[in-house]
Amino acid sequence: MKSIRGRSYELKPNNVQRTHFVKCAGIARFAWNWALEERQRLYREKEGDERFTNANKQHRRLNALKKTDFPWMYEISKCVPQEALRNLDNAYLLYGKARKAGRKARLPKFKKKGKARDAFTFSTGAIRAEGNHVVLPRIGRVRVKEHARKDGRILRATVSRVADRWFVSFLVEQDILDSAPPSGPPIGVDLGVSIMATLSDGRVFGNPRPLQLRLRKIRRLTQELHRRRRGSNNRKKTINRLARAYRRTVNIRRDALHKATTQLAKNHGEIVIEDLDVQGLIRNRHIARAISDVGLGEFRRQIEYKCRWCRSHLTVAPRFYPSTKRCSSCGHIMDDMPLSERTYKCESCGLVLDRDLNAALNLVAVSSTETLNACRDLASTAPARVSRAGSLKQEMNATISHGIGG
Ligand SMILES: [Zn+2]
């Protein structure tokens with residue numbers, strides 16, 4: 001079995017390489033804008049099928065023009081403009097799909113220098129990761145800040161700039177070894193806001209809440225940015241500082257999530273999670289930041305692919321399974337489990353347990369087939385409002401109204 005994964009590293013380009021990167025980014029932007037202009041013109045002026053074009057046709061036209069009109073394109077790898085045209089193709093494709101599905105969509109726009117993220121992609125030529133450096137077409141060896149792993153076949157490399165730093169991300173194809181699934185016992189995972197995940201064996205993964213801790217700094221820098229004169233050096237400095245603060249928060253969050261999901265997928269034969277409607281929750285702008293800050297959607301994405309790699313089984317509890325209100329010991333379901341109540345006290349059997357741990361235990365109870373059927377019955381009899389997603393939403397609002405959630 002093959003798997004495709006992404007790997008990214010920060011680059012340490014020298015001055016010559018930096019200049020070459022800027023040139024590549026400029027040519028990618030130029031190719032995008034040139035192709036977009038042509039597409040818009042064809043759409044305006046032609047009729048029928050001639051109103052539309054694609055990346056292949058545009059690439060042939062651009063190649064013909066290269067010799068006469070754009071000879072400076074020969075200074076860089078030929079994939080750079082080609083990939084820019086493909087990106088534009090994709091952007092149109094996504095636009096079409098979104099329109100078809102009835103979602104809001106925006107047509108691709110022209111790229112302005114210094115506005116959008118500078119990025120360009122290589123898909124052919126010498127692309128390698130070799131420990132303390134990577135090899136890129138026409139540029140050669142570029143040093144990296146961390147160790148660039150050699151395993152797998154690199155399909156594409158995208159170089160991008162964030163503030164004043166350059167990064168490369170590889171799309172790597174790897175063989176998955178047919179090893180046995182992890183032998184550890186099934187585990188239930190209850191996701192939350194103040195604590196990222198509570199496990200049914202009593203362990204917890206804390207939530208670094210990086211964005212919230214850095215919110216004040218980011219807010220201060222944003223205000224500073226508004227004071228700076230447009231085009232001034234100080235404004236550029238503030239933009240860089242702001243980008244760095246954001247990047248740091250993203251890194252802390254991703255790191256915490258990776259640690260938790262790897263730990264789980266590597267050590268447990270079956271993992272049970274709740275079925276959160278993350279997209280639905282994010283649509284509520286009051287809780288969107290709290291949700292993105294924990295990265296609940298990202299947790300789900302990571303645990304899914306890591307379970308595939310490790311051959312451990314991922315079970316998603318039914319959407320309306322009352323993991324919060326159910327007693328993990330006797331199965332009694334409470335009418336109400338207010339958020340302020342951090343401890344579960346069973347009215348029926350007298351169990352007293354931490355709220356999140358009780359929920360995690362309820363989730364792990366879904367793991368075997370036998371109980372799964374029992375839970376299906378439960379889920380069908382439970383009123384729709386007992387949705388766990390709903391209770392999380394409540395929890396979010398409570399956190400926010402207490403001023404912790406920003
Ligand atoms: Zn009970």
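Whatever order the structure lists ligands and atoms in, that order sets their numbers, starting from 1.
Shown here are the side chain to side chain donor-acceptor pair (under 3.5 Å) partners of Glu45, two or more places apart in sequence or in another chain: there are none.
In this structure, Lys66 satisfies the cation-pi test against Tyr74, with its NZ or CZ atom closer than 6.0 Å to the six-membered ring centre and inside 45 degrees of the ring normal. Cation-pi geometry between Arg7 and Phe170 is not satisfied (NZ or CZ under 6.0 Å from the ring centre, within 45° of the ring normal).
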Problem - Intermediate values then yes/no, ring-ring contact (aromatic ring centres under 6.0 Å, His included), Phe30 and Trp34 - result: CA-CA 6 Å; Phe30 174 86; Trp34 172 85; 7.7 Å; no
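Take a cut-off of 2.8 Å around the Zn ion (ligand 1): the protein N, O or S atoms inside it are Cys327 SG, Cys330 SG, Cys346 SG, Cys349 SG.
From Ile154, atom CD1 reaches atom CD of Gln174 across 10.5 Å, with rounding to the nearest 0.5 Å.
Side-chain rings of Tyr9 and Phe167 stay apart, their centers remaining 6.0 Å or farther from each other.
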